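Keep in mind that what you see is a predicted model, and the values were worked out from it rather than measured. Protein chains get the first letters and strands the later ones, always in sequence-line order, with residue 1 at the start of each.
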Amino acid sequence: MNKLIALELKRSSLGPYHIAAVTSGAAVLAFQYLLAAIPHIDPMEPDIEMFSSYRHLIGMGSIICMAVFTVLAAVMAARFVVEEYTGKRAVLAFSYPVSRKRMFGAKLVLVFLYTAAAMLLCGSAVEGVFLITETFFPLCGDRLTFGVVLGAFGAVLCNGILAGLLGLLSLWAGLWKQSVPVTIVTAVITASLVCQIMAACSWIGAIVVLGAAGVLTAFAVTSMMRQIENMEV
Amino acid sequence: MFKLLLGLLKPSAGTASVLGLDSVRDNAAILRRTGSMIETPVFYERLSAAENLRLHLAYMGQEDSDVETVLRRVGLPDTGKQPVSSFSLGMRQRLAIARAIIHRPEVLILDEPVNGLDPVGIKEMRALFRELVEKEGMTILLSSHLLSEVEQIADRIGIIAGGTVVRETDTEMIRQKYPDGMENYFMTVINEDRTGEIIHE
């Protein structure tokens, strides 16, 4: 599997995804500062309490980050999987004496690990920078504790895994329709829905959502494996 | 038919075999021992010709053989780091042939192998195919609509009409019976097939 992943990396450049991940991280950081500044910009804002608590600010930033990285995962999955198994490219993919399931599995592992790792790194950097600046020049009136820091990195980890899983779920629809736009549109819709649910969830609720996404993705992967195994080109 | 042999399509009835191996059950073994070029060749566009071949070898589970020699054999000696995306149709065709032969297969399956090649390229490929058969003991199964081309390359010719191999004969025998060329033979076989169909109906 490691060799197949290495070969995937040789033939496709990850450069554009690195740039997209860093840009997304910067945009989320800017957005988080904007949210934290709302009580200063508009003190009459009715939901001011929401923007005055680290738990809510970090939660919102992390959820938005998850949505962005879900779409990134879908774009990557579309490029690495949907395009590879559509039309004439599929002839090339099936011309090697390598198990179709293993080759497909390598692509999925790559997409999932890259998304989760990129979100973890960028999300940690975003929350790290935000919390460091909050230590010296606080925008938020809330008290910064060790629990807040721990919660921030916990949220990033949880949402990073969720972004990878949702990317693979979107791929399920995209591969079924053999369409790149379907993969990306599904990711946007799925991310929007999960964002709404996660925003209203407690920690336990978030873990339940993560578990449900895991089960659904496992089912989706099994179904996609079957599709690839029986695919004729 | 080529897709059936390579396991890209599964037979709806009956079986297909290559080198005595079943096309579905022993697909991986067949792919390891055959080289193929089917439909318009597809490559990793941002990579060079040599990188494409090295990647192919890695997927075939083979050591890095002499990529430069193979590129020279197909007439692509100085492509260097030039990405495949900038290759002409003829260069892509040559690279596809290089990819089909680089892992030294026992059987070579080629679909319209001289498509897009200029007369010089066609002549060079013809010589290469002969060399592969005579010096390296490869068996080549190729399809083409260019009758004169087939006549010059093949030892044995089969004609497919309506999805069925209607006739298979040694080229030498055809030459003796039809000294005016392959076209007369081809038209005779096709007309006989059509007449047979009409009588059957």
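Heavy-atom distances place both the backbone and the side chain of A:L7 under 4.5 Å from chain B. No part of B:R54 comes within reach of chain A, as not one of its non-hydrogen atoms sits under 4.5 angstrom from that chain. Looking at A:V98, only its side chain comes within 4.5 Å of chain B, counting heavy atoms on both sides. With a 4.5 Å cut-off on non-hydrogen atoms, A:S99 does not touch chain B at all. The parts of B:R32 that come within reach of chain A are both its backbone and its side chain, each placing non-hydrogen atoms under 4.5 angstrom from that chain. The parts of B:K10 that come within reach of chain A are both its backbone and its side chain, each placing non-hydrogen atoms under 4.5 angstrom from that chain.
At least one side-chain heavy atom of B:Y44 sits under 4.5 Å from a side-chain heavy atom of A:R89.
Heavy-atom neighbours of chain B within the stretch residues 206-232 of chain A, taken at a separation under 4.5 angstrom, comprise A:E229, A:N230, A:M231, A:E232. Inspection of non-hydrogen atoms places no residue of residues 116-130 of chain A under 4.5 Å from chain B.
The environment of B:R104 atom CZ is sparse: at most 12 non-hydrogen atoms of other residues, nucleotides or ligands sit within 6.0 angstrom. Remark: A:Y33 OH is packed, more than 12 non-hydrogen atoms of other residues, nucleotides or ligands lying under 6.0 Å away. For B:M173, the CE atom sits in a loose shell: 12 or fewer heavy atoms of surrounding residues, nucleotides or ligands are nearer than 6.0 Å. Crowding of B:E183 atom CD: a count of heavy atoms from other residues, nucleotides or ligands under 6.0 Å not exceeding 12.
For the pair A:F94 and B:L31, the tightest heavy-atom approach, listed with the atom from each and the gap, is O-CD1, 3.5 Å. Residues A:K10 and B:R46 share a closest heavy-atom pair of O-NH2, 3.1 Å. The heavy-atom pair separating A:P97 from B:A28 by the smallest distance is CB-O, 3.3 Å. Residues A:V91 and B:L8 come closest through the heavy atom pair CG1-CD1, 3.9 Å.
Within the model, atoms CZ of B:R99 and OG of A:S95 stand 7.5 Å from one another, a figure rounded to the nearest 0.5 Å.
In this structure, a donor-acceptor pair under 3.5 Å is present between the side chains of B:Y59 and A:R11.
When the candidates B:L47, B:N52, B:L55 are compared by the number of heavy-atom contacts under 4.5 Å with chain A, B:L55 comes out ahead.
In this structure, A:Y96 and B:H56 have tilted ring planes: the angle between them lies in the 30° to 60° band.
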